Visitor: 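Have a look at this one before I ask anything.
Hydrogens, waters and symmetry mates are skipped; everything else that's a heavy atom, side chains included, is used. From a predicted model like this one, the values you see are computed outputs, not experimental measurements.
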Amino acid sequence: MLAYLIRRLFAAAVMLVVIIMVVFGIFFLVPKWAGVDIATSFVGKQADPAAVEGVRQKLGLGDPIYAQVWEFFKGIFAGRTYSGGGDSIHCAAPCFGYSFRSEQAVWPVLTDRFPVTLGLALGAAVLWLVFGVAAGVLSALKRGTLWDRGAMVVALAGVSLPIYFTGMLSLAIFAFGLKWIDAQYVPLEDSVGGWFGGMILPWITLAFLYAAMYARITRATMMEILGEDYIRTARAKGLKEQTVIGKHAMRSTMTPILTMLGMDLGALIGGAILTESTFNLPGLGRAVLDAIRNQDLPIIVGVTLITSLAVLVANLVVDILYAVIDPRVRLT
């Protein structure tokens with residue numbers, strides 16, 4: 001197990017380096033090759049040429065590529081100093097630069113918004129795992145019944161309907177119509193009850209989409225596993241049905257579920273743009289959407305790196321859980 005863990009950690013570290021290099025290339029090299037001047041984007045198109053040149057020197061945009069890559073890496077892991085025009089600014093690690101619009105350090109801006117997105121992703125994940133997997137298992141066990149057909153119709157609707165539609169519909173019914181829920185977001189430190197009330201509709205809306213997908217995958221996987229020889233052998237031994245399903249069938253069913261969970265949860269931690277925009281949540285999704293509108297490159301870079309890191313960590317956790325569920329994985 002230890003050797004397996006070391007291999008996975010090493011692979012994750014290598015992948016992190018590759019991701020950082022790819023992000024640097026996409027956001028700094030590709031615009032340069034396309035003739036886009038990042039310094040002009042920082043200062044503004046109507047800025048004085050001397051001001052643009054000062055920003056170019058401070059950001060190191062005129063340095064050789066290898067020097068820019070090194071400064072980018074060093075900023076993330078050790079911090080960096082921006083110097084030029086007679087002054088210097090030190091940016092502590094992890095340094096993603098300074099916003100082109102607010103001139104604030106990117107990392108504090110993102111950390112202020114990160115708890116909102118994390119709470120949204122984790123809360124929705126709990127709901128879609130519980131209801132999605134349970135619905136899928138019951139549908140597989142009751143194949144062809146009214147429950148099975150009804151659950152799959154609901155799942156199809158969940159997959160087909162866009163989040164902004166279900167989100168606006170839930171707001172219209174439960175917040176503005178019935179007035180059961182106050183959809184206004186309240187920070188957790190201000191009021192636990194207010195925070196929960198502001199998050200329940202986003203959780204349900206986001207979970208409805210993912211629970212539908214998980215139900216369909218769980219049903220298909222469970223139906224395939226129930227036809228395997230080892231399941232028939234377990235039943236022939238006289239084991240109770242709940243033992244056959246819970247101990248043997250579910251162990252194999254969880255493998256694709258964990259794979260999906262790692263990818264979905266990691267991506268959502270980087271920001272659920274549609275959900276956050278629909279419910280006016282001040283999370284990473286809203287931050288990156290505003291940054292795209294304002295062409296605020298450092299914010300976009302920061303969110304991209306956080307999203308990539310979240311997916312990487314989530315998949316590392318999934319790999320470890322694989323080894324716990326199926327010891328044969330440790331040999332790979």
Visitor: So, using side chain to side chain donor-acceptor pair (under 3.5 Å) as the criterion, who are the partners of Asn315 when residues are at least two apart?
Guide: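 In terms of side chain to side chain donor-acceptor pair (under 3.5 Å), with neighbours along the sequence ignored, Asn315 is linked to no residue.
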
Visitor: Which residues satisfy the side chain to side chain donor-acceptor pair (under 3.5 Å) test with Tyr164, sequence neighbours excluded?
Guide: none

Visitor: Can you name the residues that form a side-chain contact (heavy atoms from CB on, under 4.5 Å) with Phe77, not counting sequence neighbours?
Guide: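 Phe77 satisfies side-chain contact (heavy atoms from CB on, under 4.5 Å) with Leu16, Ile20, Phe73 only.
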
Visitor: List the atom pairs, with distances to 0.1 Å, where a side-chain N or O of residues 137-159 and a protein N or O form a donor-acceptor pair under 3.5 Å, not counting sequence neighbours.
Guide:
residue	atom	partner	partner atom	Å
Ser139	OG	Ala135	O	2.9
Thr145	OG1	Lys142	O	2.6
Thr145	OG1	Asp148	N	3.4
Asp148	OD1	Arg219	NE	2.7
Asp148	OD2	Gly144	N	2.9
Asp148	OD2	Arg219	NH2	2.9

Visitor: What residues form a salt bridge (charged side-chain N to carboxylate O under 4.0 Å, His left out) with Asp63, not counting sequence neighbours?
Guide: none

Visitor: Holding to salt bridge (charged side-chain N to carboxylate O under 4.0 Å, His left out), I want the full list of residues that pass it with Glu241, two or more places apart in sequence or in another chain.
Guide: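 Salt bridge (charged side-chain N to carboxylate O under 4.0 Å, His left out) list for Glu241, sorted by chain: Arg235.
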
Visitor: Output all residues satisfying salt bridge (charged side-chain N to carboxylate O under 4.0 Å, His left out) with Lys74, sequence neighbours left out; order by chain, then residue number.
Guide: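 Lys74 satisfies salt bridge (charged side-chain N to carboxylate O under 4.0 Å, His left out) with Glu71 once adjacent residues are dropped.
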
Visitor: Of all residues at least two apart in sequence or in a different chain, which pass the side-chain contact (heavy atoms from CB on, under 4.5 Å) check with Val106?
Guide: Phe96, Leu110, Pro298, Ile299

Visitor: Would you please name every residue forming a side-chain contact (heavy atoms from CB on, under 4.5 Å) with Ala234, sequence neighbours left out?
Guide: Leu239, Val244, His248

Visitor: Could you work out, with side-chain contact (heavy atoms from CB on, under 4.5 Å) as the rule, every residue matching Phe165, not counting sequence neighbours?
Guide: Leu161, Pro162, Leu169

Visitor: Can you pull out every ring-ring contact (aromatic ring centres under 6.0 Å, His included) where at least one residue sits in residues 285-306? Sequence neighbours excluded, please.
Guide: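 Every pair satisfying ring-ring contact (aromatic ring centres under 6.0 Å, His included) with a residue in residues 285-306: there are none.
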
Visitor: Write out all pairs satisfying ring-ring contact (aromatic ring centres under 6.0 Å, His included) with one or both partners inside residues 301-321, taking only residues at least two apart or from two chains.
Guide: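 Pairs touching residues 301-321 that pass the test: none.
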
Visitor: Is the distance between the ring centroids of Trp203 and Phe196 less than 6.0 Å?
Guide: yes

